[in-house]
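Written below as structure tokens is the structure these notes are about.
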Amino acid sequence: MTAEANENKDQKKSLNFIETIIESDLETKKHDQIFTRFPPEPNGYLHIGHAKSICLNFGLSENYKGKCNLRFDDTNPVKEDVEYVESIKEDIAWLGFNWEDEIKFTSDYFEKLYDFAVKLIKSENAYVCELSPEQMREYRGTPTEPGKESPWRNRDVNESLKLFEGMKNGEFEEGKYLLRAKIDMSSPNMHMRDPILYRIRFASHHRTGDTWCIYPMYDFAHGQSDYFEGITHSVCTLEFEVHRPLYDWFIDQLADSEYRPRQIEFARLNLTYTVMSKRKLLELVEKKYVSDWDDPRMPTISGLRRRGYTPESIRNFSDKIGVARRDGFIDVALLEHSIREDLNKKADRVMGVLNPLKVIIDNYPEDSEEYLDAVNNPEDESRGKRKVPFSKELYIEQEDFMENPPRKFFRLGIDREVRLRYAYFIKCTHVVKDDKDNILEVHCTYDPESKGGKSPDGRKVKGTLHWVSAKHAIKSEVRMYDRLFTVENPQADKEKDFKDFINENSLKVVDNAMLEPHLNNAKKGEQFQFERMGYFCVDKDSTTEKLVFNRTVTLRDSWAKIKGK
RNA sequence: UGUCCCGUGGUGUAAUUGGCAACACGUCUGAUUUUGGUUCAGAAGAGUCCAGGUUCGAGCCCUGGCGGGACAACCA
């Protein structure tokens, strides 16, 4: 009974506006099953903003036991490339979504689209126009002023037919002719002012090669492709809202049954401090500000993956941000919370020192060493334990020692006692410095009774430090990637030189980090939580096979705040 | 000067047929802790853009303002 009550409670979880539409369509039997699609243009890598759309479209079909196509909207060969097709497939699969049947391409429908265009010419709903780009602009009018009709608007049907065929057969140079729909040049909606259907492009297409030299425009391809595939709910972003009347206009001309796909718009994802403009991301890659599309500083899915983000964290993030029709900015802190939440459960803990400071235990036997038990993941006992080597000379983090500690500093200082995690209590006796006053060595004594980190007399220490044995430690490179962009609202400054968006300190490389030896066996892509420093992802250097760690996200760092105050 | 969309704590999303605005992130306390992490407990923070109207009662309905966004590529 309570279980049932709980179930009801879960079901009552509020629906977003798209789910409301879908449930209503299912209830009224408008559709027996829903069918969505994710339609990227293969002209760049997918980023976190696309992830929202992917989770939405594929998620909807999963939740309502429907279907979802992956369709490449490849109607502009000059911008598109197979490299992008491959990366997009990989990213979607990595996120854990499955598309229905084989992958679709808008280019698969070029023939059908051509036939439909011919039909429109015959029904006097389309004509071949020969206005130049400049004239087009002039004739189009502005959002507040009506346009004027093309002199070719009432061209004879047979003449249009013949010219259109000539366009297809490559008889005319680019720009000579256009196929346009005949709708309404005085419509307040610019998209209804005799929109272009086909343009001539002598460009080789990544799939159809040189078969075609005329290519359909987005508006003439998208809705029809939805129709051909049986899509019920065509979910897209808000900027396509003004295209909807045109979308419907074409469907009206095309549909010969009750069935119609419905375009539904939602607000695209904006993230604070993050630029997601494809144009700018492309520029970053082309001008070598970053290594590639998957550079861990990039907001691309592949960049986040290399940085150590998990598919689950991105899907959870997507659930949390919700779906609506109002534009806003999601705080990037929510994204980071999502990955911390996930990694906190999954990532093994490990000790490492980024900026080593040598500690010598004076009363520890010279050539002795021992292996101490360390828990891999306190959240998950099944992750087991590991042995960590301990010896007379150790490294600790430079910032874990202060000669003149402030009031709330709980770590090592002269005459202070702290615990070395999983090892012993140590107490600092003195330090050795060079002539420039830099600390070279911190000398301590240890309490042999406190092995494992507990003292039999029950005395407490306030601080617990991570450490690494100097002679056993592996030296490795650690790269700390930060978000590349640090402008609060990048979209607000569209025209600003994007170089201003680049955070010069977005990458710090530490090449003398000392780590626990067992990390030698770490696999590429594995994530670890370095004690007190954050989450890191193994990213072996492909040229040298050197062990490299990328910072996924830092821990919540209260100490930094205390220090700042 | 046009058409369309949107306006709920700092941020994002909720609120059954109108019924004293909820959740998450963030922030701040406190407790526990072999990570200044995690976990747990708690607090602050909006009266729903404004003004009218309908109603016993409005974030939800109506009217009028104000504010923000989209639309003038042979891009998608």
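Chain A is the first sequence line, chain B the second, and so forth, proteins listed ahead of strands; every chain is numbered from 1.
Across B:rC5, B:rA76, B:rC25, the shortest atom-to-atom separation from the side chain of A:Y218 is found for B:rA76. With B:rG2, B:rA76, B:rC75 as the candidates, the nucleotide lying closest to the side chain of A:R201 is B:rC75. Which of B:rG2, B:rC75, B:rG36 sits closest to the side chain of A:M217 comes down to B:rC75. Among the nucleotides B:rA76, B:rU38, B:rG2, the one closest to any side-chain atom of A:D73 is B:rA76. For A:R325, whose side chain is taken as the heavy atoms from C-beta onward, the closest listed nucleotide among B:rC5, B:rU13, B:rA76 is B:rC5. In this structure, the nucleotide among B:rC75, B:rG36, B:rC71 sitting nearest to the side chain of A:H191 is B:rC71. With B:rC75, B:rC74, B:rU35 as the candidates, the nucleotide lying closest to the side chain of A:N76 is B:rC75. Side-chain atoms of A:R326 lie closest to B:rU8 of the nucleotides B:rU8, B:rG69, B:rC74. In the set B:rA76, B:rC74, B:rA15, B:rA76 carries the atom at the smallest distance from any side-chain atom of A:E41. With distances taken from any side-chain atom of A:E379 to the nucleotides B:rG36, B:rU38, B:rA73, the minimum falls on B:rU38.
Atom CG of A:N344 is separated from atom C1' of B:rU39 by 9 Å (rounded to the nearest Å). Rounded to an integer number of Å, the gap from CD of A:E531 to P of B:rU38 is 13 Å. Straight-line distance from the CG atom of A:L15 to the P atom of B:rU13: 16 Å, rounded to whole Å. Atom CG of A:L334 and atom P of B:rG26 are 8 Å apart (whole Å). In this structure, the CD1 atom of A:I330 is 19 Å from the P atom of B:rC23, given to the nearest Å. As rounded to whole Å, 7 Å separates atom P of B:rU38 from atom CG of A:L555. To the nearest angstrom, C1' of B:rC60 lies 18 Å from CZ of A:F17. A:R556 places its CZ atom 14 Å from the P atom of B:rG36, with the value rounded to the nearest Å.
B:rC4 is paired with B:rG69 under the criterion used here, namely a Watson-Crick or G-U wobble arrangement in which both key atom distances are under 3.5 Å. Of all nucleotides present, only B:rC50 satisfies the Watson-Crick or G-U wobble test against B:rG64, with each distance under 3.5 Å. Applying the Watson-Crick and G-U wobble criteria (two distances, each under 3.5 Å), B:rA15 pairs with nothing in any strand. Nucleotide B:rA41 is matched to B:rU29 when pairs are restricted to Watson-Crick or G-U wobble geometry with both distances under 3.5 angstrom. Base pairing of B:rC74: no nucleotide in any strand meets the Watson-Crick or G-U wobble criterion (both distances under 3.5 Å).
Contact annotation for A:R411: base contact, defined as any heavy-atom pair under 4.0 Å involving a base atom. Using a 4.0 Å heavy-atom criterion, one finds that A:G175 contacts the bases of the nucleic acid, with or without backbone contacts as well. A:S132 comes within contact range of at least one nucleobase, with a heavy-atom separation under 4.0 Å. Contacts of A:F266 with the nucleic acid, taken as non-hydrogen atoms under 4.0 Å apart, are absent. Note on A:K454: a base of the nucleic acid sits closer than 4.0 angstrom, heavy atoms only. Within the 4.0 angstrom heavy-atom criterion, only backbone atoms of the sugar-phosphate kind lie near A:V323; the bases stay farther away. Across all strands, A:L335 comes closer than 4.0 Å to no nucleic acid atom at all (heavy-atom distances). Counting any heavy atom pair closer than 4.0 Å across all strands shown, A:F410 reaches a base atom. When heavy atoms are screened at a 4.0 angstrom cut-off, A:F240 is found touching base atoms of the nucleic acid.
In B:rA70 the O4'-C1'-N dihedral to the base is more than 90° from 0, which defines an anti nucleotide. The glycosidic torsion of B:rG37 lies more than 90° away from 0, which places this base in the anti conformation.
The phosphate of B:rA76 has OP1 or OP2 within less than 4.0 Å of a side-chain N or O from A:R199. At the phosphate of B:rC75, neither OP1 nor OP2 sits under 4.0 Å from any side-chain N or O atom of A:T75. For B:rG36, one of the phosphate oxygens OP1 or OP2 lies less than 4.0 angstrom from a side-chain nitrogen or oxygen of A:R532. Put simply, A:R244 has no side-chain N or O that comes within less than 4.0 Å of OP1 or OP2 on B:rC5.
Rounded to whole Å, the P atom of B:rG10 lies 24 Å from the corresponding atom of B:rG52. Comparing B:rG9 with B:rC60, their P atoms sit 14 Å apart, to the nearest whole Å. Comparing B:rU13 with B:rC6, their C1' atoms sit 15 Å apart, to the nearest whole Å. Taking the P atom of each, B:rG26 and B:rG37 are spaced 13 Å apart, rounded to whole Å. Spacing between B:rC25 and B:rU38 at atom P, rounded to whole Å, works out to 11 Å. The gap from the C1' atom of B:rC49 to that of B:rG42 amounts to 33 Å, rounded to the nearest Å. Between B:rU16 and B:rG12, the distance separating the two C1' atoms is 23 Å to the nearest Å. B:rU11 and B:rU27: their P atoms are spaced 15 Å apart (whole Å).
Of the possible polar contacts, one joining the A:W467 side chain to the A:R421 backbone as a donor-acceptor pair under 3.5 Å is found.
The base of B:rA76 sits with one of its N or O atoms less than 3.5 Å from a complementary donor or acceptor on the side chain of A:H243. Between the base of B:rU35 and the side chain of A:R421 there is no donor-acceptor pair shorter than 3.5 Å. The base of B:rG37 lies outside donor-acceptor range of the side chain of A:R340, with no N or O pair under 3.5 Å. A donor and an acceptor atom sit less than 3.5 Å apart, one in the side chain of A:Q529 and one in the base of B:rU35.
The nearest heavy atom of RNA chain B to A:E239 and to A:T144 marks one nucleotide each, and the one closer to the 5' end goes with A:T144. Closest-nucleotide positions on RNA chain B for A:L178 and A:H337 were compared, and the one nearer the 5' end corresponds to A:H337.
Residue A:F329 and nucleotide B:rG12 are not classified as a stacked aromatic pair, given the requirement of ring centres less than 5.5 Å apart at an interplanar angle below 30°.
A salt bridge between A:E531 and A:R349 is absent, with no side-chain N of the basic residue lying under 4.0 Å from a carboxylate O of the acidic one. A salt bridge links A:E516 with A:R386: the closest approach of a Lys/Arg side-chain nitrogen to an acidic carboxylate oxygen falls below 4.0 angstrom.
Applying the side chain to side chain contact (heavy atoms under 4.5 Å, CB included) criterion to A:K462, with sequence neighbours excluded, gives A:F410. The ring pair (Phe, Tyr, Trp, His ring centres under 6.0 Å) test applied to A:Y446 returns A:Y364, A:Y424, not counting sequence neighbours.
Ring geometry, A:H243 versus A:H191: the interplanar angle falls from 30° to 60°, so the pair is classed tilted.
Taking the ring axis of A:F105 as reference, the NZ or CZ atom of A:R207 stays within 45° of it and closer than 6.0 Å to the ring centre. Seen from the ring of A:Y273, A:R483 counts as a face-on cation partner, given the 6.0 Å and 45° thresholds.
In this model, no donor atom of one side chain and acceptor atom of the other lie less than 3.5 Å apart for A:Y247 and A:Q263.
Within 6.0 Å of CD on A:E381 lie no more than 12 heavy atoms contributed by other residues, nucleotides or ligands.
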